[in-house]
**Q** 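Take this structure, written in structure tokens, and hold onto it; I'll ask about it next.
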Amino acid sequence: MIAYIKGIVAEIEKDGIVLESQNMGYRIFMPASSLERLGKTGEERMIHTYLHVKEDAMQLYGFLKKEDLAVFRLLLGVNGVGPKGAMGILSCLSGEGLSFAILSDDAAAIAKAPGIGKKTAQKVILELKDKMNLQEAFEQKISGGEESDRQKMDSAVVQEAAAALEALGYGRQEAWSAVRRVSGGEGMNVEELLRAALKEMV
């Protein structure tokens, strides 16, 4: 199993790259979401990889983020979703975006991926809902890495509002989904966000 490869990006293609490492060129398939953040040829990158072995071929699939590789592996465990389907989903949605789609039962967003029909999208939601850390993904999306003081405050407000909903007897996924669906939630205090989220749950 090849966990990752660190090397120089020799070529960037439509569906992947050639990564040169120790005088060898590795052909690695990558989703569009990763290719967009890749950078230019000639730069050194570390690619997290998955080696898929078939009867007639061995193919490497790669991701810039370890979290996206973990999501790819989860998708491979869904009946009817192979590497090509999983790559299609992660080309349309980032790992975080897929988490949100699953959280909000948004099969239509997942079904936009090439080769993924509505039934398969619903199966993805059903089989992965309990396997993905949706709350963590939501918090990462809110924080956006380097947080401003406003973002930190908004993140804390969201967490408190979701915790309050859980204390009222709602499930964790249901609570975070309701908080996420509140439009214009930035700048709200806990009470305002909680009141708006409760309306979403009616």
Side-chain angles (χ1 to χ4, degrees), residues 1-103 109-117 120-121 123-125 127-148 151:
M1 185 67 176
I2 303 174
Y4 66 85
I5 302 173
K6 189 175 183 179
I8 302 297
V9 179
E11 297 178 33
I12 300 177
E13 301 173 349
K14 183 179 179 181
D15 59 352
I17 64 171
V18 175
L19 191 72
E20 183 179 344
S21 179
Q22 297 182 351
N23 299 317
M24 292 183 66
Y26 295 90
R27 177 77 172 83
I28 305 174
F29 294 98
M30 298 182 71
S33 56
S34 289
L35 289 173
E36 289 170 0
R37 305 192 306 268
L38 185 66
K40 302 177 181 178
T41 56
E43 296 182 350
E44 185 178 63
R45 301 302 300 229
M46 184 172 77
I47 308 297
H48 301 279
T49 58
Y50 175 88
L51 178 62
H52 182 66
V53 180
K54 301 192 297 184
E55 290 183 3
D56 57 346
M58 290 191 296
Q59 297 173 319
L60 275 172
Y61 294 87
F63 305 87
L64 292 176
K65 296 169 64 177
K66 198 172 182 179
E67 293 79 8
D68 286 344
L69 173 59
V71 172
F72 177 76
R73 286 176 172 159
L74 285 175
L75 285 168
L76 292 181
V78 177
N79 187 28
V81 179
K84 188 176 180 180
M87 290 292 281
I89 292 173
L90 290 173
S91 287
C92 294
L93 296 166
S94 65
E96 291 174 357
L98 178 60
S99 296
F100 299 145
I102 291 173
L103 174 62
I110 300 171
K112 290 179 181 178
I116 302 296
T120 302
K123 190 180 296 183
V124 168
I125 292 172
E127 295 190 22
L128 296 188
K129 204 158 198 175
D130 295 329
K131 295 181 180 180
M132 302 183 73
N133 193 332
L134 304 176
Q135 179 178 342
E136 181 179 333
F138 188 40
E139 290 172 355
Q140 288 175 353
K141 184 70 174 177
I142 294 170
S143 67
E146 297 274 336
E147 289 184 318
S148 66
Q151 287 174 319

**Q** Could you grab the distance from atom NZ of K129 to atom CD1 of I102, nearest 0.5 Å is fine?
**A** 9.0 Å
**Q** Which heavy-atom pair separates S91 from P31 by the least distance, and what is that distance?
**A** OG-CA, 3.3 Å
**Q** Would you indicate whether the side-chain heavy atoms of L19 and L60 approach each other to under 4.5 Å?
**A** no
**Q** Throw together a table of side-chain donor-acceptor distances under 3.5 angstrom for residues 76-87, partners on residues two or more places apart or in other chains.
**A**
none

**Q** Ignoring hydrogens, what is the shortest heavy-atom contact between L98 and L93? Give both atom names and the distance.
**A**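 Looks like N-CB, 3.9 Å.
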**Q** Backbone N or O of I2 within a donor-acceptor pair of the T49 side chain at under 3.5 Å?
**A**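 The answer is yes, because a donor-acceptor pair under 3.5 Å joins these two groups.
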**Q** Side chain to side chain donor-acceptor pair (under 3.5 Å): which pairs involve residues 25-35, sequence neighbours left out?
**A** E13-R27, D15-R27
**Q** After noting the C-alpha distance and the side-chain angles of T41 and I17, does the key distance pass the side chain to side chain contact (heavy atoms under 4.5 Å, CB included) rule?
**A** CA-CA 9 Å; T41 56; I17 64 171; over 6 Å; no
**Q** Quick check: closest heavy atoms across A113 and C92, and the distance to 0.1 Å?
**A** CA-SG, 3.6 Å
**Q** Could you give all pairs that pass the salt bridge (Lys or Arg N to Asp or Glu O under 4.0 Å) test and reach residues 30-51, with sequence neighbours left out?
**A**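 Found R37-D68.
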**Q** Which pairs, with at least one residue in residues 49-63 and sequence neighbours excluded, count as a salt bridge (Lys or Arg N to Asp or Glu O under 4.0 Å)?
**A**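 Residue pairs passing salt bridge (Lys or Arg N to Asp or Glu O under 4.0 Å), neighbours aside: none found.
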**Q** Excluding sequence neighbours, so at least two apart, what forms side-chain contact (heavy atoms from CB on, under 4.5 Å) with A121?
**A** A107, I110, A111, I116
**Q** What's the spacing between I47 CD1 and I5 CD1 if we round to 0.5 Å?
**A** 8.5 Å
**Q** Which residue pairs pass the ring pair (Phe, Tyr, Trp, His ring centres under 6.0 Å) test with at least one member in residues 58-88, sequence neighbours excluded?
**A** F29-Y61, Y50-F72, Y61-F72, F63-F72
**Q** How far does CG of L51 sit from CD of Q59, to the nearest 0.5 angstrom?
**A** 9.5 Å
**Q** What is the distance from atom CG of L64 to atom CG of L69, rounded to the nearest 0.5 Å?
**A**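 CG of L69 is found 11.5 Å from CG of L64.
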